[in-house]
Amino acid sequence: MEQELRAQQQLLVYRAALESEIARFENIPRALRSHPVLSQALQWPADPHAIARANRLLAQLAAETGVEALYLIDAHGFTLAASNWNREYSFIGQNYRFRPYFTDALKGSVGEFYGVGATTGIPGYFFGLHLASVDGTQGVLAAKITLLELERSWQPARDLVMVVDADQVIALASRAELKFQTLSPLSDEARSRLERSRQYTPMPLTPLALERRDGQLRWQGQGYGVSELPLPRLRWRLQLWWPNRPLYHTAHLVTAVAGISIVALTLLLLYWRQRRRYVQAQIRAKGELERKVMARTAALAASNHQLERQVQERIQAEARLRSMQHELIQVNRLAALGQMAASVAHEVNQPLTALKNQSVNTLLLAQRGHTDQVEQSLQTMGRLVDRIARLTSQLKLFAATRRKTRGQARLDEALDNVLSWLGARVGEQGVRLQRPAPGTVLPMESHALEQVLANLIGNSLDALAGTADATITLEAGAGHFCLWDNGPGIAPELLDKVTEPFFSTKQAGQGLGLGLAIVRDLVEASDGRLEIAARPGGGARFTLIWSEDEPSRN
């Protein structure tokens, strides 16, 4: 039948345009699969700088390629970064675990899906691609494209063009009233499956009022012939409904054949001429469409080539940055080694000199028979030896803080032990110590927590020397601990330096500058972090924070 042949030719053109529109975007996630910015965002989801870099990268690529949205999803289905991060309908924080493209991609296959957007309400075609960071963290890189422009190009056609999915739902259509209707009532199993994936939510998916008579389809009082082509993607079918008005012959027409034969011949000639023009127009339209498809394909290839070049340049830049960072680390290590040697030599040399002088004095006192003064001199020598021991113990503790210190410790018990060492200093200086409520448990080993408390309280006591109404306040709760004092505080320009090893604001001879470095390492070894700030009313504030899902970076 000629009409059927014409319909099949049109369907071939429509199918080529649809597949070309989808194919020109499906390689974009593959080109980004190994990008280091996305890998770092997936590995460190709690790092705001890593997420911000990923947002900017996805937004730039979405604008350059015409993709409606690019977004990065973690293994639990939550969106970490998205090209629309700064829009009202941002995908950030949304969970898409229920979408089939996410589950298929997480299993290792390429996920493809078409449905109504769960966040924007705009229909689109989704791609999902499995992504893994350098430490093995799993995730999915997804892309959403819209086919609305393609549907608008179908609207001028006299025939009805539509895409029908495996459940008889009209996913795409040249007429808006046909979209998201069904050709037959949905089964309970199909409706339940569609509701779980929220593929067409909130569309009602009501069946069309169709009549089937003598192999023809009637809708809204019009008869249609139906031609169909299969689509490989998502088990879709492309249908073309063309109006069909069959001629009914009656008995009186037989008697009028002679009278209308000339008219029929004339109409036949006109039809042949019109048919010739129509075929020529179809050929021209098909050629134009093929030229557009080739032009778009060439543009996409050029865009992909440019994207691959940019990705390679960024990879090379990352490699140069890592090399420079390695060199900087080596320089800092040498500087720290020199500073450490100078600090240790200075700190140990003073008590050694005093110890030598005291031993000479002790020998003279013993020779002269001053027994009571000999005893005092020996006690002084013991204190000097204790001072050297404390210096070496801090060095040993600093060298050992890289082990894991995650555990459980009662804060009040650890504080009691620390005050048994420092209580005399607290009383001598007249410092008022405000303790937190008892019963708090912090996620650190007891020994490590005691070292942290001893260094923080010792630093505050040093800072409060000579301060009137000196006060140290401790506050704690689930997953956090805070200590602040009303001393002179820390200058803002030094806040980032005070945790560096061998850096100290104290006068020479009053310490190695390892206290806060040890505190920082012990806290990070327990999967927590240390925050230092200046208080508006004076003094310094030290805050320890632990999070249940805080990843360890040691």
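Sequence positions, counted from 1, serve as the residue numbers for this chain.
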Engineer: State whether the side chain of S174 and the backbone N or O of V161 hold a donor-acceptor pair below 3.5 Å, judged by distance alone.
Structural biologist: yes

Engineer: Check the orientation of W236 and Y125. Use parallel for under 30°, tilted for 30 to 60°, and perpendicular for over 60°.
Structural biologist: perpendicular

Engineer: Enumerate the residue pairs fulfilling salt bridge (charged side-chain N to carboxylate O under 4.0 Å, His left out) with a member in residues 162-172, sequence neighbours excluded, ordered by first and then second residue.
Structural biologist: D167-R193

Engineer: Do you see a donor-acceptor pair shorter than 3.5 Å between the side chains of E308 and Q312?
Structural biologist: no

Engineer: To the nearest 0.5 Å, how far apart are CG in L183 and CG in L178?
Structural biologist: 9.0 Å

Engineer: With side chain to side chain contact (heavy atoms under 4.5 Å, CB included) as the criterion, how do L11 and Q8 come out once you've worked through the C-alpha distance, each side chain's angles and the decisive distance to 0.1 Å?
Structural biologist: CA-CA 5 Å; L11 285 173; Q8 289 294 326; 4.2 Å; yes

Engineer: When rounded to the nearest 0.5 angstrom, what is the spacing between CD in E524 and CG in L522?
Structural biologist: 10.0 Å

Engineer: Within 45 degrees of the axis of the six-membered ring of F98 and under 6.0 Å from its centre: does R198 put its NZ or CZ there?
Structural biologist: yes

Engineer: Could you name each residue pair satisfying ring pair (Phe, Tyr, Trp, His ring centres under 6.0 Å) that touches residues 172-203, not counting sequence neighbours?
Structural biologist: F180-Y200

Engineer: Checking F113 now: which residues fulfil ring pair (Phe, Tyr, Trp, His ring centres under 6.0 Å) with it, not counting sequence neighbours?
Structural biologist: none

Engineer: Without swapping roles, check the side chain of S192 against the backbone of E189 for a donor-acceptor pair under 3.5 Å.
Structural biologist: no

Engineer: May I have the step-by-step check of side chain to side chain donor-acceptor pair (under 3.5 Å) for E4 and S227, ending in yes or no?
Structural biologist: CA-CA 7 Å; E4 175 66 24; S227 297; 2.7 Å; yes

Engineer: How close do V163 and L18 get, counting heavy atoms only, and between which atoms?
Structural biologist: CG2-CD2, 4.1 Å

Engineer: Output yes when a side-chain donor or acceptor of T79 lies under 3.5 Å from a complementary backbone atom of Q94, and no otherwise.
Structural biologist: yes

Engineer: With side chains defined as the heavy atoms from C-beta onward, is the minimum distance between L530 and V519 less than 4.5 Å?
Structural biologist: yes

Engineer: With salt bridge (charged side-chain N to carboxylate O under 4.0 Å, His left out) as the rule and sequence neighbours excluded, what pairs involving residues 222-236 come up?
Structural biologist: E26-R233, E112-R233, E228-R237

Engineer: Taking the side chain from N55 and the backbone from A82, do they hold a donor-acceptor pair closer than 3.5 Å?
Structural biologist: yes

Engineer: Report the distance from atom CD1 of I122 to atom NZ of K144, rounding to the nearest 0.5 Å.
Structural biologist: 5.5 Å

Engineer: R296: what forms a salt bridge (charged side-chain N to carboxylate O under 4.0 Å, His left out) with it, not counting sequence neighbours?
Structural biologist: E21

Engineer: Any pair with a residue in residues 52-87 that passes ring pair (Phe, Tyr, Trp, His ring centres under 6.0 Å), sequence neighbours left out, goes on the list, sorted by first then second residue, please.
Structural biologist: Y71-F91, Y71-Y96

Engineer: On the 0 to 90° scale, with breaks at 30° and 60°, tag the Y224-W219 ring pair as parallel, tilted or perpendicular.
Structural biologist: tilted

Engineer: For a quick test of reading the model, state the closest non-hydrogen atom pair linking S90 to T119 and the distance between them.
Structural biologist: O-CG2, 4.0 Å

Engineer: Considering non-hydrogen atoms only, spot the tightest contact between T65 and S303 and give its length.
Structural biologist: CG2-OG, 4.3 Å

Engineer: Over all heavy atoms of both residues, which pair between S197 and P100 is shortest? Give the atoms and the distance, please.
Structural biologist: CB-CD, 3.9 Å

Engineer: So, taking the atom named CD in Q40 and the one named OG in S133, what distance separates them when rounded to the nearest 0.5 Å?
Structural biologist: 10.0 Å

Engineer: Can you list everything that forms a salt bridge (charged side-chain N to carboxylate O under 4.0 Å, His left out) with R291? Sequence neighbours excluded, please.
Structural biologist: E288

Engineer: Please test R309 against H305 for side chain to side chain contact (heavy atoms under 4.5 Å, CB included), starting from the C-alpha separation and ending with a verdict.
Structural biologist: CA-CA 6 Å; R309 187 174 66 253; H305 179 71; 3.7 Å; yes

Engineer: Check whether more than 12 heavy atoms from other residues, nucleotides or ligands sit under 6.0 Å from atom CZ of R275, and answer yes or no.
Structural biologist: yes

Engineer: Looking at E151 and K179, does any basic side-chain N land under 4.0 Å from a carboxylate oxygen?
Structural biologist: yes

Engineer: Using only heavy-atom distances, determine whether the side chains of R99 and Y101 contain a donor-acceptor pair under 3.5 Å.
Structural biologist: no

Engineer: One thing to verify: whether E445 and R406 come together as a salt bridge, which I'm taking to mean a side-chain N less than 4.0 angstrom from a carboxylate O.
Structural biologist: no

Engineer: Would you say the side chains of T137 and Q43 form a donor-acceptor pair under 3.5 Å?
Structural biologist: no

Engineer: Please confirm whether the backbone N or O of G117 pairs with a side-chain atom of T120, one donor and one acceptor, at under 3.5 Å?
Structural biologist: no

Engineer: In Å, rounded to the nearest 0.5 Å, how long is the span from CG of L70 to CG of L141?
Structural biologist: 6.5 Å

Engineer: Taking only residues two or more places apart in sequence or in another chain, which ones pass salt bridge (charged side-chain N to carboxylate O under 4.0 Å, His left out) with D159?
Structural biologist: R6

Engineer: Please evaluate residues L194 and L186 with respect to the criterion side chain to side chain contact (heavy atoms under 4.5 Å, CB included), reporting the C-alpha separation (whole Å), side-chain torsions for both, the decisive distance (0.1 Å), and the verdict.
Structural biologist: CA-CA 10 Å; L194 293 176; L186 290 173; 4.1 Å; yes

Engineer: Name all pairs fulfilling the salt bridge (charged side-chain N to carboxylate O under 4.0 Å, His left out) condition that reach into residues 120-140, sequence neighbours left out, sorted by first residue then second.
Structural biologist: none

Engineer: So, for L72 and A41, which heavy atoms are closest and what is the spacing to 0.1 Å?
Structural biologist: CD2-CB, 4.0 Å

Engineer: From L240 CG over to R15 CZ, what is the distance, rounded to the nearest 0.5 angstrom?
Structural biologist: 13.5 Å

Engineer: Is the side chain of R97 donor-acceptor paired with the backbone N or O of G77 at a distance under 3.5 Å, no angle test?
Structural biologist: no

Engineer: What's the shortest heavy-atom distance between V293 and S20, and which atoms?
Structural biologist: CG1-OG, 3.7 Å

Engineer: Tell me, with the steps shown, if R24 and T297 meet side chain to side chain contact (heavy atoms under 4.5 Å, CB included).
Structural biologist: CA-CA 7 Å; R24 73 189 185 100; T297 302; over 6 Å; no

Engineer: Does the side chain of L32 reach to within under 4.5 Å of the side chain of L61, using non-hydrogen atoms?
Structural biologist: yes

Engineer: Backbone N or O of A319 within a donor-acceptor pair of the S323 side chain at under 3.5 Å?
Structural biologist: no

Engineer: Using the test side chain to side chain donor-acceptor pair (under 3.5 Å), find all partners of Q9 that sit at least two apart in sequence or belong to another chain.
Structural biologist: none

Engineer: Can any side-chain N or O of Q199 pair as donor or acceptor with the backbone N or O of Y114 at less than 3.5 Å?
Structural biologist: yes

Engineer: Indicate yes or no for a side-chain donor-acceptor contact from Q138 to the backbone of G136 under 3.5 Å, with no hydrogens or angles considered.
Structural biologist: yes

Engineer: Salt bridge (charged side-chain N to carboxylate O under 4.0 Å, His left out) with E177: which residues, sequence neighbours excluded?
Structural biologist: R175

Engineer: Enumerate the residue pairs fulfilling salt bridge (charged side-chain N to carboxylate O under 4.0 Å, His left out) with a member in residues 48-59, sequence neighbours excluded, ordered by first and then second residue.
Structural biologist: none

Engineer: Would you say the side chain of L129 lies within less than 4.5 Å of the side chain of V140, judging by non-hydrogen atoms?
Structural biologist: no

Engineer: State whether the side chain of S526 and the backbone N or O of V523 hold a donor-acceptor pair below 3.5 Å, judged by distance alone.
Structural biologist: yes

